[in-house]
Amino acid sequence: MRDKILTKNFYVNQLNFKVLGEFDDYLIVGKDKIEIHFFGFKTLDPKKNYGQVYIRTDDIDTLYQSLLENNIQIHPNGGLRLQPWGQKEFSLLDPDNNLLTFGQKN
């Protein structure tokens with residue numbers, strides 16, 4: 001993360017995660033059985049960032065709809081769809097261009 005306040009606001013206020021821990025240049029957020037750790041990286045270039053997380057869920061349709069209703073931008077190539085490998089998935093980017101893909105076994 002380049003900016004802890006920006007990252008925290010995105011995950012807490014837009015994706016409904018809770019802060020589990022916060023230290024000088026470190027942030028831990030969690031939701032359900034998910035825990036994501038961030039470390040400070042002030043010189044991170046979001047255009048060159050290839051960070052990604054795959055998050056499994058058991059109610060992807062409701063999650064997707066709630067994000068749309070809250071005007072959370074879904075990745076242009078990551079709309080909700082059934083993938084050939086049997087997962088129903090969608091993706092979005094956080095403020096540092098970390099790719100978050102949410103999936104549910106179909």
Side-chain angles (χ1 to χ4, degrees):
M1 69 183 165
R2 292 171 295 156
D3 182 322
K4 185 166 63 171
I5 293 171
L6 183 67
T7 299
K8 181 167 75 171
N9 285 338
F10 177 78
Y11 282 87
V12 171
N13 298 327
Q14 295 189 35
L15 300 183
N16 296 316
F17 279 74
K18 297 201 181 315
V19 174
L20 302 179
E22 189 170 356
F23 309 97
D24 291 336
D25 222 8
Y26 202 81
L27 175 67
I28 305 167
V29 296
K31 180 178 181 178
D32 302 324
K33 296 178 183 178
I34 303 160
E35 188 173 299
I36 305 174
H37 293 233
F38 298 91
F39 62 91
F41 190 176
K42 302 256 186 249
T43 60
L44 174 70
D45 180 352
K47 293 179 182 172
K48 294 181 180 178
N49 184 10
Y50 53 86
Q52 54 185 318
V53 176
Y54 193 95
I55 301 170
R56 293 190 186 274
T57 181
D58 57 6
D59 193 1
I60 199 161
D61 294 305
T62 301
L63 174 60
Y64 185 74
Q65 191 60 41
S66 72
L67 294 174
L68 292 177
E69 289 169 1
N70 288 303
N71 297 315
I72 305 301
Q73 187 174 9
I74 304 303
H75 190 284
N77 298 322
L80 184 63
R81 65 177 149 262
L82 181 60
Q83 301 292 0
W85 47 89
Q87 292 283 110
K88 196 171 188 181
E89 299 177 342
F90 72 90
S91 299
L92 56 92
L93 295 170
D94 79 0
D96 291 309
N97 274 351
N98 290 301
L99 180 67
L100 305 176
T101 300
F102 296 85
Q104 178 180 342
K105 189 173 182 177
N106 198 27

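Along the sequence shown, residues carry numbers from 1.
Crowding of Asp58 atom CG: a count of heavy atoms from other residues, nucleotides or ligands under 6.0 Å not exceeding 12.
No side-chain heavy atom of Ile34 sits under 4.5 Å from any side-chain heavy atom of Val53. The closest side-chain heavy-atom distance from Thr62 to Gln65 is not below 4.5 Å. When side chains are defined from C-beta on, Gln87 does not count as touching Gln104, because their heavy atoms never get closer than 4.5 Å. Between Ile36 and Asn98, every side-chain heavy-atom pair lies at or beyond the 4.5 Å cut-off.
Residues meeting the salt bridge (Lys or Arg N to Asp or Glu O under 4.0 Å) test with Asp61, sequence neighbours left out: Lys88. A search for side chain to side chain contact (heavy atoms under 4.5 Å, CB included) contacts involving Val12 returns Lys8, Val19, not counting sequence neighbours.
Pro95 and Leu6 make their closest contact through CB-CD2, 3.7 Å (heavy atoms, listed as atom of the first residue, atom of the second, distance). Minimum interatomic distance between Ser91 and Thr101 (heavy atoms only, all atoms of both residues): OG-OG1, 2.8 Å. Contact detail for Tyr54 and Glu89: the closest heavy-atom pair is OH-OE2, 2.7 Å. What you find for Asn97 and Asn49 is that their closest heavy atoms are C-ND2, 3.8 Å.
Atom CG of Asn106 and atom CG of Leu82 lie 5.0 Å apart (nearest 0.5 Å). Distance check, rounded to the nearest 0.5 Å: CZ of Phe90 to CZ of Arg81 gives 12.0 Å. Residue Ile72 holds its CD1 atom at 12.5 Å from CG of Leu93, rounded to the nearest 0.5 Å. In this structure, CG in Asp3 is found 11.5 Å from CG in Leu44, a value given to the nearest 0.5 Å. Taking CG from Leu92 and NE2 from His75, the interatomic distance works out to 9.5 Å, rounded to the nearest 0.5 Å. Expressed to the nearest 0.5 Å, how far CG of Leu80 lies from CD1 of Ile60 amounts to 5.5 Å.
Placement of Leu15 and Ile28 in two distinct hydrophobic clusters is found when ILVMFWY residues are connected by side-chain heavy-atom separations under 4.5 Å, directly or transitively. Leu99 and Leu63 are not part of a single hydrophobic cluster, where members link through side-chain heavy atoms under 4.5 Å apart. Under a hydrophobic clustering in which Ile, Leu, Val, Met, Phe, Trp and Tyr are joined whenever their side-chain heavy atoms come within less than 4.5 Å, directly or via other members, Leu20 and Phe39 fall into the same cluster.
Pairs of residues two or more places apart, or lying in two chains, never qualify as salt bridge (Lys or Arg N to Asp or Glu O under 4.0 Å) while including a residue from residues 23-46.
Looking at Asp96, its side chain does come within 3.5 Å of a backbone N or O of Arg2 through a donor-acceptor pair.
Screening Tyr11, Phe10, Tyr26 against Phe38 for a ring pair (Phe, Tyr, Trp, His ring centres under 6.0 Å) leaves a single residue, Tyr11.
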